[in-house]
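Since the structure comes first, as structure tokens, the remarks are kept for the end.
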Amino acid sequence: MVRNSSPCFASATTISRIVRRGELSTLFLKPFSPSSKTSTPLPTPVDKFLKTDRKNAKANNINDALDHFDHMLQMHPPLPMSYFNSLLAAVAKNKHYNHVYSMYGRILDADLEPDFITLNILLNSCCTLQRVSLGFAVLGVIYRKGYRPNIVTFTSLIKGMGLEGKIGEAVQLFKKIIELGCRPNIKTWGILINALCRSGHSEKALDLHRKMGSGTVPSGSKFKTNLVCYSTIIDGLCKEGLMDKAKELFLEMEGQRISPDVVVYSSLIHGLCDAGEWEEAKGFFITMLDRGIRPNVVTFNILINALCKEGKLSEANGLLDLMIQRVENPDVITFNTLMDGLCLEGKVDDARELFVSMAAKGHECNVISYNILINGYFKCRRSDEAMRLYREMVQKGCKPMISTFNSLLTGLFQDGMVEDARKCFADMQVYGITPESSTNNILLSGFCKNDCLIEAMELFHNLEKSGCELQIETFNCILDGLCKGGKLDIAIELFGTLSERGLVPTVVTYSIMIHGFCKAGNLEKASNMFLEMEEKGCAPNLVTFNTLMRGFCISNEADRVIELLQRLAEREFLPDASTLSVVIDLLSKDDRHMKYLNLIPTFPIQA
DNA sequence: GTAGGGTTAG
């Protein structure tokens with residue numbers, strides 16, 4: 001890298017835009033001059049702050065740190081920048097990144113001269129706050145002051161990009177720094193692996209890991225990966241359902257004489273539970289215990305969750321007892337998991353009881369606790385109680401999240417409480433929460449299902465006008481509303497615009513249109529759409545079959561229904577209640593069709 | 001001196 005070169009990654013326009021907005025204007029106010037060295041001793045209160053157990057630092061420590069910072073700023077002669085750097089580093093380690101940002105401004109205000117380390121700490125704080133553009137602005141300052149960014153600088157930028165979900169850009173920057181002759185180290189690799197896994201590219205991370213081990217990575221360096229790198233990839237593979245690869249990597253890790261710990265075991269157990277490999281998960285849990293690795297609250301939570309999802313509530317409670325016996329205190333996640341298990345079984349009152357007892361035991365419930373209970377009440381069609389709980393959470397100062405509003409809107413629309421849903425949507429805006437595409441979909445289908453098609457169309461047009469990219473699922477909502485609301489012609493027109501919008505209809509889209517045609521009695525068009533979807537490589541599912549069969553059944557076209565039943569049998573689809581109701585209707589029209597009953601492969605009805 | 005780091009709930 002060349003000293004004094006212009007920043008090669010931040011575009012000049014990005015930086016100037018930030019400066020114009022005044023966000024980082026303070027960064028540019030002071031000209032560069034070498035700092036003077038003094039030998040003032042480190043003030044003892046700062047020393048105290050630095051010595052705090054950083055992991056367990058209490059929140060009020062930041063106030064101490066800020067007090068000391070004030071004190072440091074007033075000292076004459078001024079302290080060397082390295083003292084400020086130590087304090088900034090400690091504040092950053094305690095995750096008070098916003099304070100790093102404001103402290104930096106005050107250093108400039110005091111006419112002190114930040115050095116390269118100060119700027120690296122600031123840049124890292126910006127990146128960790130997912131403000132990579134600010135990070136690049138700091139990079140600009142680094143260059144402007146004649147410093148050379150180092151691997152620490154670039155590692156922070158790569159981290160920020162990963163956090164912002166810009167994985168492609170992160171990989172590009174990684175390649176770029178190698179080209180520039182900057183050698184990535186194990187921390188850089190760790191960050192890149194983490195970013196890949198977080199964005200669902202665990203196999204790429206695995207590939208990188210293999211190349212690292214063999215020294216065939218672009219930088220040519222050979223790294224011995226560590227437990228954390230292995231654990232990150234194993235967890236990523238588990239989350240993507242690639243259990244065989246995860247287990248293989250686990251064995252490889254042990255082959256490298258890296259001992260597994262509770263985290264990697266927890267990841268594997270979680271993956272196995274999600275894959276329904278309950279016995280194997282249990283096996284891993286037992287091996288873990290045999291090897292003297294203590295399960296922690298996370299491990300227990302994973303197991304309790306798996307049991308709850310299987311409806312095995314008493315076993316889940318048994319595990320809770322075991323957990324308490326082993327002096328592993330349950331936390332808010334344990335309680336939320338159990339509450340959700342109860343709600344899944346329709347036992348919302350028991351869940352509520354647990355919720356109340358939780359507070360009594362000194363566990364503070366959080367927004368997710370409320371979300372779980374609100375969902376539980378709606379599921380039991382107790383909308384009033386759900387709404388009461390919502391008001392309670394607001395009153396208690398627990399800020400609802402987008403998911404809270406999604407649940408409320410879903411429940412209210414489901415219960416036909418359109419006016420409440422409108423109010424709820426307004427509330428959401430008061431909280432400054434921007435609707436997600438899922439929120440828009442809930443609103444669209446909610447309005448449609450409650451005979452407010454015009455309101456739905458208005459919303460849809462506003463979304464289109466706002467220029468936000470609409471996904472096929474959003475179109476599915478409005479198409480369904482149009483078809484069911486007797487506006488098939490508009491639906492057909494809209495459906496026709498999908499390809500020019502770059503959207504590919506899904507099996508849901510086709511099923512909606514087929515339903516629309518059937519409803520309008522246009523069975524030929526419905527049938528054609530069924531053929532068209534297959535031609536385009538979109539396989540019909542049970543819903544598509546049921547929809548078309550019902551259409552034919554209503555029009556007394558028994559032969560066509562039977563033909564479809566035959567195809568259903570060929571594809572080994574399990575019939576569901578809807579399929580059977582079509583068959584029953586068919587039989588009620590003409591019991592000579594009884595012989596076709598054998599087309600239904602297995603009679604136990606699929607839920 | 002400054003960069004990481006993995007597991008759980010809706």
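First the proteins, then the strands, lettered A, B, ... as listed; each starts at 1. In what follows, every heavy atom counts, from backbone to side chain, and hydrogens, waters and symmetry copies are set aside.
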Does the base of [N] carry an N or O that pairs as donor and acceptor with the side chain of [X] under 3.5 Å?
| X | N | value |
| --- | --- | --- |
| A:Ser231 | B:dG6 | yes |
| A:Asn150 | B:dA3 | no |
| A:Asp261 | B:dG6 | yes |
| A:Ser266 | B:dT7 | yes |

Counting any heavy atom closer than 4.0 Å, what does [X] reach on the DNA or RNA strands: base, sugar-phosphate only, or nothing?
| X | answer |
| --- | --- |
| A:Lys379 | nothing |
| A:Asn85 | base |
| A:Thr155 | base |
| A:Leu227 | base |
| A:Met339 | nothing |
| A:Ile186 | base |
| A:Ile191 | sugar-phosphate |

Might you work through the side-chain contact (heavy atoms from CB on, under 4.5 Å) test for A:Lys245 and A:Glu203, ending with a clear yes or no? CA-CA 9 Å; A:Lys245 288 194 174 167; A:Glu203 284 185 287; 2.5 Å; yes
Selection from [options] that lies nearest to any side-chain heavy atom of [X]:
| X | options | answer |
| --- | --- | --- |
| A:Asn366 | B:dA9, B:dT8, B:dA3 | B:dA9 |
| A:Asn124 | B:dT8, B:dG4, B:dG6 | B:dG4 |
| A:Val264 | B:dG6, B:dA3, B:dT8 | B:dG6 |
| A:Ser267 | B:dT7, B:dA9, B:dT2 | B:dT7 |
| A:Asn226 | B:dT7, B:dG4, B:dA3 | B:dG4 |
| A:Thr337 | B:dA3, B:dG4, B:dA9 | B:dA9 |
| A:Asn301 | B:dA3, B:dT2, B:dT8 | B:dT8 |
| A:Asn120 | B:dA9, B:dT2, B:dT7 | B:dT2 |

According to the interplanar angle, ranging from 0 to 90°, do the rings of A:Tyr390 and A:Phe405 count as parallel (below 30°), tilted (30 to 60°) or perpendicular (above 60°)? perpendicular
How many Å lie between [atom1] on [X] and [atom2] on [N], as a whole number?
| X | N | atom1 | atom2 | result |
| --- | --- | --- | --- | --- |
| A:His96 | B:dT2 | NE2 | C1' | 18 Å |
| A:Leu196 | B:dG5 | CG | C1' | 15 Å |
| A:Leu122 | B:dA3 | CG | C1' | 14 Å |
| A:Asn296 | B:dG6 | CG | C1' | 12 Å |
| A:Glu328 | B:dT8 | CD | C1' | 12 Å |
| A:Asn305 | B:dT7 | CG | P | 15 Å |
| A:Leu303 | B:dT7 | CG | C1' | 12 Å |
| A:Tyr147 | B:dG1 | OH | C1' | 13 Å |

Salt bridge present between A:Glu392 and A:Lys396 (N-O < 4.0 angstrom): yes
When you measure from the side-chain N and O atoms of [X] to the phosphate of [N], is any distance below 4.0 Å, counting only OP1 and OP2?
| X | N | result |
| --- | --- | --- |
| A:Lys187 | B:dG6 | no |
| A:His270 | B:dT8 | yes |
| A:Lys159 | B:dG4 | yes |
| A:Lys93 | B:dA3 | yes |

Partner residues of A:Arg326 under the salt bridge (Lys or Arg N to Asp or Glu O under 4.0 Å) criterion, sequence neighbours left out: none
Evaluate the side-chain proximity of A:Asn124 to A:Val100: yes if any heavy-atom separation is below 4.5 Å, no if none is. no
Is the distance between the ring centroids of A:Tyr83 and A:Phe69 under 6.0 Å? no
Carefully, step by step, assess A:Phe174 and A:Trp189 under the rule ring-ring contact (aromatic ring centres under 6.0 Å, His included). CA-CA 9 Å; A:Phe174 183 80; A:Trp189 286 107; 4.8 Å; yes
